[in-house]
> 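Pasting a structure here, questions to come.
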Amino acid sequence: MNRCNSKVIVLLLVLAGIGALYATQPFWSTEPSTRSIETPDRPSTFDVTKYTVNLAINHQSHFISGSVLANVTAISSLSEIAYELTGGSLSVSEVRVNGVISPFTHLDGIIHIPVVMNSGESFSTLVTYSGIPGNSPAPYNIGMLFTTSSVYTLSNPDAGRYWWPSYDHPWDKALIDWNITVRSDWLVATNGIRTSITDNQDGTRTHHWTCASPVATYVMGFAAAAYVEFSQQSGAIPIQNFVLPSQLNNATIDFANVPEMISHFSQLFGAYPFEKYGHMVVNMSTYAAMEHQTMTTFGSQYLNGLQTYESIVAHELAHQWYGNYITPLTMNEVWLKECFATYSEALWVHHDEGWAAACDYIRTDIQQYYINWENNNGAQTIFNPAYNMMFAPPTYEKSASVLHMLRLKMGNENFFAFIRALVVNFHEGNLTTVEFISLAQQFSGLDLTQFFEQWIYSPGIPSVETSCFTKADPPQLRVYAKTSSPTATMFELDIPIRLTTATGIDSLMVTATAAGFINNIALSGTSSVENIEIDPHNWVLLRGKTNNVPILTECLSGNQAVVLSWQEYNNCNAYRVYRRTDSTGPWVQISASLSVTAYTDTDVVDGTLYQYAIKGIDPEGYESLLSNVMTAAPISFAFSHNLLVVDDTNDGSGIGISPTDQMVDDFYSDALTGYYYDNWDYASQGLLDINTLGNYRVVLWHDDDFSQHSIANNLSLLSGYIMGGGKLIISGWKTAYALDNAFLNRFAAGIDLLYDNGAALISAQSTAYPPLLLNPAKLSSSWNGKLPMVFTFAGATTPLYVADMTDGSNGNGQTLAFRQDNGGSLVLFGFPLYCMQTNEVRAMFAQLLPELNPMLPIADEPLPVIGMTAFPNPFTSNITLRIKQQSPAGAALSIYNVKGQLVRTLGSEVKSGQDISWDGKDDERHDVAAGIYFVRVNDDKKIVVKKILKW
Ligand SMILES: [Zn+2]
């Protein structure tokens, strides 16, 4: 039986948008199974060697009548035998044993016939029956199926019993002769060779067919309709197709490659095993196709004259060897036939379209198709599927993936010898998984216990991670390879690796285990590995594959320095730092072997863009591949300006505890009375850059609201600023949440962050600074005059403030704000200053700011006024800029884009009142894109930024 073609349905939806016409039911059921498959080792006491089925079908009434003669051999002493016949109104009228009328019972779908025989004795039974057949219950709903213009049967896995009495199990294969009577204008197509057609002179004809090889009951079947035949030939094998006249043109095209397919598969699997092949085309709603022995039932919806569904043609043909000639002993082992049929789709693509197309088919139509299914349906085990999961993708695509991996493990020659030997050794008989494994081991000389244990008897799909190291003398490659799986299955895998070195490309096989496996491989010529690809041809069913390299986590542009840090990698005990300025140039090692995971490069030139990477060294001196690359452009910090206030506050409603941006701006304006400062509005001006930060002696970052923490995107930048001598003050509500581990490790090492969610803070107390009391007007009335969501910092060595909190709060008495000096200084408040009394905050700043930088002058003279106008704004081609300023010195005027990059320098000493026109071009006189730009004016005291918009 073919798999569900929901992927084909998707294709149809895309191509034609008429998918509903092809609404094929899935082959598997998402409903829990209420049935079980037949017991695999059900005692078999007799062997039917041949059936002769006489069956007359009234297509109008669906009434069938007939008899089944069975030639039987007793395998052990018998007192009775039993056949299955069930469903609809089918009833048995007479049973004869060796021609003599016999008693029988027909209960619960089983015909019990008393026979007394010794082991080895042969006898015959003749069961005469009639009625209207019913269909098997969900999820398969099959048996004998009537359409308005045809009748056909589907019996897989166990629905033969819904239309004829037989010993209906895959382990009892038998010869069969069919004598099927239908209306005289129809043809019957079925297993074997047609010997004759008898005209009964009553409006019906009887079609006689006979089989030369035993057939399992699930692949016995026929179709009857007003067919025409068209024949093909593959060597000595006749191919007999039955289609409706309207389907003939398409069928001729869609089956055109069948002779070549038989010839190709005969080379791969051994000679075609039966007397003929063919297709009977029916209008099926349930299945795409079904591999009835020597006569595949083919869904008419897959005939389109475009060979679109040739993979289905190949699949069913391959079943003639795998499934029909050698048959799984039970349906618990249905994978034994479907793995070959599904894999044969790819084998045909290889023959028809080439190896690259086959690799693509395996990845897309087999591996990825299965992974997607498992993601939606959960991991299933291939062996012994639930009754409702028998025809689900574990049986098809996963088991085909297993066969592909077995081929990788055994090698082409052994693999194809093995699958040919299966056909020879088990021909016309049955196969078990144990026998399959045993023969594979015999042909490969390998112990495949683990391989089949993980793939056939256990669920899941693994991922693999590798880490590669090299050593120069002699050239060596070391690959650490580790598997993981969301299931408990401990996968051990063979993984092909493609290696690109200075001397060429090489392919290697490595082992990956759940515990991690070290593969040591001697290289020839060079140890300079340029690239490593894991399984580039998709041999292995993998959920994910990652070739790990060391991870450089931080590369901070600082004050005439670049600060690097990285994660510990694999089991490395040393690291080396590499640098280059040309992104295609050679890497230069700039550090000795370091035992730590950080490095500061001070041998830098201002403004140069450097690339950095590292390598790890393992205890035996193997060197890893290069890490990811990070870049930095260090500058000399000017510290030419005083204070920058970064306003990261959400613009709230202004009601209750949600202040507007303007309300918070006004608070800081009051609290910083007397200081020259510039404002950076994060919402409109976006990310800062190190050039801007490095101009300021002190930066105050505030996000005094509950939700917005853009600071999380600026921590590397701010680290570089502090380490280069900058002084950073952070205040905000829950802002400590936004600080990452790298930042905390650097500036708050040894400090535990404690969080009090409830309204607990009463005041901030200090022996050195003015106390800070809450401003009740800014608090919610439900807080009873106290502030919730406060961070304290246990273990801080340089506290500024201590928390006065309600009893029982874990932060009570702990540090509420601290200062750490590390190159520059960080002052971190665990609460929003905005919620405190303004005059107390002002007094605090008056003491703190000069401590952070004594150069920070307090304005005792009127501030120089810098204002700016820009018109028209928005503009299309030209905008006129005019500044207002008291200082006679003039100011620099330039344009930045939203990324903070300098676009155009318009002047360095622009005077007050002077009109400057910008033509919307960059410094290279190219038109800039439409969008937001910032005009920046600065003198030695102040920077003003204005947003403009180019249409
Ligand atoms: Zn199949």
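Values in this document were obtained by computation on a predicted structure and should not be read as measured data. Whatever order the structure lists them in is the order used to number ligands and atoms, beginning at 1.
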> Report yes or no: do T433 and E333 form a side-chain donor-acceptor pair below 3.5 Å?
yes

> If you check every N/O/S atom of H315, which is the one nearest the Zn ion (ligand 1)?
NE2

> Strictly under 2.8 Å, is the Zn ion (ligand 1) approached by any N, O or S atom of E316?
no

> Only one of F383, F436, F391 clears ring pair (Phe, Tyr, Trp, His ring centres under 6.0 Å) with W335; which?
F436

> Give a yes or no on whether the ring-centroid distance for F491 and W455 is below 6.0 angstrom.
yes

> The Zn ion (ligand 1) is nearest to which N, O or S atom of E338?
OE1

> Under 3.5 Å, is there a donor-acceptor pair between the H292 and T297 side chains?
yes

